[in-house]
Chemist: 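My questions will all concern the structure given below.
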Amino acid sequence: MKLWTKSIENKAKKFPLYSQDGKGQEAEIIVKYFNPYGSGTWLITEAEKQDDGDWLLYGYMHITEWEWGYIMLSEIENARIGVFKMPLERDLYIDDHARVKEYAR
């Protein structure tokens, strides 16, 4: 599965870092990643392309508890889970204008 598409990149350009500052749970989600084999959800709300071509992502994330934070796209793409080293996945069915409050439970 492709984790970063041209469509996601175009949406990310509309939400650079700090563009949704102060919106909290009302922030619009660019893309949702998840661990299909256990805990782990990343609701990405802002993104900025780096000089090296990677993307710095910001959003609401949950592994053991919900918190706001940063992660690099390369970290998401290179993550491997469990004994079989399975990759993270992208939610293909998230609504186009989904808000954090709709998915952070």
Side-chain angles (χ1 to χ4, degrees):
M1 166 184 293
K2 195 165 188 174
L3 296 178
W4 192 256
T5 64
K6 192 65 172 172
S7 175
I8 295 168
E9 184 171 323
N10 289 337
K11 189 170 182 181
K13 289 177 182 177
K14 296 176 187 175
F15 295 104
L17 294 182
Y18 313 112
S19 63
Q20 298 198 72
D21 193 26
K23 290 185 178 181
Q25 299 282 317
E26 291 294 328
E28 188 172 325
I29 299 169
I30 297 170
V31 62
K32 176 187 173 192
Y33 298 113
F34 65 97
N35 172 4
Y37 315 102
S39 65
T41 302
W42 295 262
L43 305 175
I44 305 304
T45 59
E46 300 170 359
E48 184 174 286
K49 191 168 189 176
Q50 304 298 287
D51 292 338
D52 64 1
D54 203 354
W55 284 80
L56 177 60
L57 309 177
Y58 178 79
Y60 205 46
M61 306 166 196
H62 183 275
I63 294 179
T64 58
E65 63 182 299
W66 285 104
E67 62 184 339
W68 292 95
Y70 295 90
I71 190 166
M72 298 300 294
L73 175 59
S74 59
E75 291 179 273
I76 296 282
E77 292 175 328
N78 294 323
R80 296 294 178 260
I81 310 300
V83 176
F84 298 108
K85 305 296 183 198
M86 303 300 287
L88 296 177
E89 293 189 14
R90 175 172 50 92
D91 188 338
L92 300 175
Y93 304 102
I94 191 168
D95 295 331
D96 281 340
H97 298 285
R99 306 281 179 203
V100 169
K101 69 180 181 182
E102 298 163 12
Y103 290 87
R105 301 178 189 196

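Bear in mind that the values here come from a model prediction, so they are computed numbers and not experimental data.
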Chemist: Using the side chain to side chain contact (heavy atoms under 4.5 Å, CB included) rule, take Met72 and Leu57 through it: C-alpha gap first, then chi angles, then the decisive distance, then the call.
Modeler: CA-CA 6 Å; Met72 298 300 294; Leu57 309 177; over 6 Å; no
Chemist: Grab the two heavy atoms, one from Lys13 and one from Trp55, that are nearest each other, plus how far apart they are.
Modeler: CG-CH2, 4.3 Å
Chemist: In terms of hydrophobic clusters joined by side-chain contacts under 4.5 Å, are Val31 and Leu3 together?
Modeler: yes
Chemist: Please report the shortest heavy-atom distance between Ala104 and Gln25, naming the atom on each side.
Modeler: CB-OE1, 4.0 Å
Chemist: Is the closest basic N to carboxylate O distance between Lys11 and Glu28 below 4.0 Å?
Modeler: yes
Chemist: Are side-chain heavy atoms of Glu89 and Tyr37 found at a separation under 4.5 Å?
Modeler: yes
Chemist: Is it the case that the side chain of Asn78 and the backbone of Ser74 share a donor-acceptor pair, with hydrogens and angles ignored and the cut-off at 3.5 Å?
Modeler: yes
Chemist: Quick check on the hydrophobic clustering: are Ile81 and Phe34 connected, directly or via other members, by side-chain heavy-atom contacts under 4.5 Å?
Modeler: no
Chemist: With a 4.5 Å heavy-atom cut-off, do Ile76 and Trp4 have their side chains touching?
Modeler: no
Chemist: Between Thr45 and Gly59, which heavy-atom pair has the shortest distance, and what is it?
Modeler: OG1-CA, 3.7 Å
Chemist: Could you state the interatomic distance from CZ (Arg90) to CD1 (Ile8), rounded to the nearest 0.5 Å?
Modeler: 4.0 Å
Chemist: Once you round to the nearest 0.5 Å, how far does CD of Glu75 lie from CG of Asp54?
Modeler: 8.0 Å
Chemist: Is there a side-chain contact between Glu46 and Pro16 (heavy atoms, below 4.5 Å)?
Modeler: no
Chemist: Kindly give the heavy-atom pair with the smallest separation between Glu77 and Arg80, and that separation in Å.
Modeler: O-NH1, 3.1 Å
Chemist: Taking the side chain as every heavy atom from C-beta outward, state whether Tyr103 and Thr41 have any pair of such atoms under 4.5 Å apart.
Modeler: no
Chemist: Side-chain heavy atoms nearer than 4.5 Å, only ILVMFWY residues, links allowed to pass through others: does that put Ile44 and Ile63 together?
Modeler: yes
Chemist: Applying the ring-ring contact (aromatic ring centres under 6.0 Å, His included) criterion to Tyr70, which one of Tyr18, Tyr58, Tyr60 satisfies it?
Modeler: Tyr58
Chemist: List the atom of Ile30, the atom of Phe15, and the distance in Å for their closest heavy-atom pair.
Modeler: CD1-CB, 3.7 Å
Chemist: Which pair of non-hydrogen atoms, one from Pro36 and one from Pro87, has the smallest distance, and what is that distance?
Modeler: CD-O, 4.1 Å
Chemist: Are Leu88 and Leu56 connected in a single hydrophobic cluster, I mean Ile/Leu/Val/Met/Phe/Trp/Tyr linked by side-chain heavy atoms less than 4.5 Å apart?
Modeler: no
Chemist: Find out whether Trp42 and Ile29 are in side-chain contact, i.e. whether some heavy atom of one side chain is under 4.5 Å from a heavy atom of the other.
Modeler: no
Chemist: What residue among Arg99, Gln20, Lys101 forms side chain to side chain donor-acceptor pair (under 3.5 Å) with Glu26?
Modeler: Lys101
Chemist: Counting neighbours of NZ on Lys23 that are heavy atoms of other residues, nucleotides or ligands and sit closer than 6.0 Å, is the number greater than 12?
Modeler: yes
Chemist: Would you say Trp66 and Val100 make side-chain contact, with heavy atoms under 4.5 Å?
Modeler: no
